[in-house]
Amino acid sequence: MSEFTPLRSVLYMPSSNAKALEKAKTLAIDAVIFDLEDAVAPDAKPSAREAAAAAVASGEYGRRTLTIRANGIGTEWHDADLEAAAQAGPDAVVVPKVNSAAEVAQLVDALERYGAPDHTKLWAMIETPVAILDALSIARSSERLTCFVMGTNDLVKELYAEHVPGRAPILPSLHTALLAARAAGIAILDGVYNDVKDVDGFLAECDQGRQMGFDGKTLIHPGQVEGANSAFAPSEQAVEDARGLIQAFEDGAGRGVVTYNGRMVENLHVESARRILDIHEAIEALQA
């Protein structure tokens, strides 16, 4: 991996709330989603759009990844959101309920038409049954598309499922989206955890998301940041083991079998170890 961008903690912030936008400058988050959709009342959307664009242009958020979530395709605010976001030039524009490769092409065309710079990518929210079933074609549809964002609340609703600990009703959908993202070489973020007072439940879901392979988690409250950052960062032990494994492999070059701490080491283990170090070094750089 040449350049790894940490996305452990990705916090939705209502762009209509000036206090929230100011607060985001002080939080140890990897990324901000300046929200124009669910968190913003209809009559506040025009001013929220201006506030999100100003926040992106301010240069006051350090090394955080900055994104703007537009209202969905077909809504009355969508076109104006895309135009404002493209001209503001955030790291990415997040679009809800992306259901097909054709919609990605439509979004990319609009961003380019509105003058989005090359660095402004597209993040697609995957939150409907049809999006899950077409996840691979969506993931591979454009080089500008660099991340899937799971919309687990909408997915549960669309499936007529229930929110339960362990998320068994939506695990097949989460795995399908993960498979598509990894096959296409893009990032993927886990959905939000709704009960901000249930710390143990949130941490358990962070651990589950990391174990499954997500890059990080979308958040709805500043109190969730520390838990997500910890869960999706390699532990000190994991970093130490990665360095030791790589060293053992390099020292054993040319030998038939290489072992580290009693385990056989192959190229695939070295690749995993290097990814751990890439993540660790990128996090260190973010905190510098």
Assess, by modelled atom type and distance only, whether the side chains of Y114 and D79 contain a donor and an acceptor separated by less than 3.5 Å.
no
Look up atom CZ in F202 and atom NZ in K217, then write down how far apart they are to the nearest 0.5 Å.
6.5 Å
Who pairs with Q237 by side chain to side chain donor-acceptor pair (under 3.5 Å), at least two apart in sequence or on another chain?
D241
Checking S16 side chain against A44 main chain: does a donor-acceptor pair fall under 3.5 Å?
no
Provide the closest heavy-atom pair for P117 versus A86 in the form atom of the first, atom of the second, distance.
CD-O, 3.5 Å
Is it true that the side chains of Q247 and D251 contain a donor and an acceptor less than 3.5 Å apart?
yes
Looking only at heavy atoms, what is the nearest atom pair of A273 and A242, with distance?
O-CB, 3.6 Å
Which pairs pass ring-ring contact (aromatic ring centres under 6.0 Å, His included) with one or both residues in residues 46-88, sequence neighbours excluded?
F34-Y61
Do side-chain atoms of T26 reach the backbone of E22 as a donor and acceptor pair under 3.5 angstrom?
no
Distance-minimising heavy-atom pair for A183 and L136
CB-CD1, 3.8 Å
Report the distance from atom CG of D81 to atom NZ of K45, rounding to the nearest 0.5 Å.
7.5 Å
Using the side chain to side chain contact (heavy atoms under 4.5 Å, CB included) rule, take F214 and L189 through it: C-alpha gap first, then chi angles, then the decisive distance, then the call.
CA-CA 6 Å; F214 284 102; L189 300 172; 5.7 Å; no
Are any non-hydrogen side-chain atoms of L107 and L82 less than 4.5 angstrom apart?
yes
Could you go through E281 and R243, starting from their C-alpha distance and side-chain angles, then the distance that decides it, and tell me whether this counts as salt bridge (Lys or Arg N to Asp or Glu O under 4.0 Å)?
CA-CA 12 Å; E281 289 165 8; R243 287 177 175 146; 5.3 Å; no
Going hydrophobic residue to hydrophobic residue with side-chain gaps under 4.5 angstrom, can you get from V130 over to M150?
no
Transitively linked via ILVMFWY side-chain contacts under 4.5 Å: Y193 with M125?
no
Looking at every heavy atom in both A135 and A177, which two are closest together, and how far apart are they?
CB-CA, 4.4 Å
CG on L27 to CG on L11, rounded to 0.5 Å:
6.5 Å
Nearest heavy-atom approach of A70 to E37 is O-CB, 4.0 Å
I need the I29 CD1 to K25 NZ distance, nearest 0.5 Å.
12.0 Å
Do Q208 and L171 have side-chain heavy atoms sitting under 4.5 Å apart?
yes
Go through the steps for V94 and I68 under the test side chain to side chain contact (heavy atoms under 4.5 Å, CB included), then give the verdict.
CA-CA 6 Å; V94 185; I68 296 175; over 6 Å; no
Are the side chains of S173 and L159 in touch, meaning some heavy atoms are under 4.5 Å apart?
yes
Between the side chains of N99 and T128, is a donor N or O closer than 3.5 angstrom to an acceptor N or O?
yes
State whether the side chain of S15 and the backbone N or O of D35 hold a donor-acceptor pair below 3.5 Å, judged by distance alone.
yes
Pairwise side-chain contact, L245 with V270, heavy-atom cut-off 4.5 Å (strictly under)
yes
Check for me, please, whether F148 and F232 land in the same ILVMFWY cluster - side-chain distances under 4.5 Å, paths through other members count.
yes
Is it true that L179 and I188 fall in one hydrophobic cluster, defined by side-chain heavy atoms closer than 4.5 Å?
no
What distance do E162 atom CD and R167 atom CZ have between them, rounded to the nearest 0.5 Å?
16.0 Å
In one Ile/Leu/Val/Met/Phe/Trp/Tyr side-chain cluster, 4.5 Å: V199, V192:
no
Evaluate salt bridge (Lys or Arg N to Asp or Glu O under 4.0 Å) for R64 paired with D30, printing each intermediate quantity in order.
CA-CA 5 Å; R64 297 169 186 84; D30 289 344; over 6 Å; no
Run the side chain to side chain contact (heavy atoms under 4.5 Å, CB included) test on K121 and L145 for me, step by step, so that the C-alpha distance in whole Å, both residues' side-chain angles and the decisive distance to 0.1 Å come before the verdict.
CA-CA 6 Å; K121 306 305 182 182; L145 174 62; over 6 Å; no
Quick check: does any side chain N or O of R69 sit under 3.5 Å from a backbone N or O of P96, one acting as donor and the other as acceptor?
no
Return the CG to CD distance between N229 and Q224, rounded to the nearest 0.5 Å.
12.0 Å
So, do V265 and T259 sit near enough that their side-chain heavy atoms are less than 4.5 Å apart?
no
Taking T67 for the side chain and D91 for the main chain, is one N or O donor matched with an acceptor at less than 3.5 Å?
no
If we check side-chain contact (heavy atoms from CB on, under 4.5 Å) with L122, which of these qualifies: V98, T146, V95?
V95
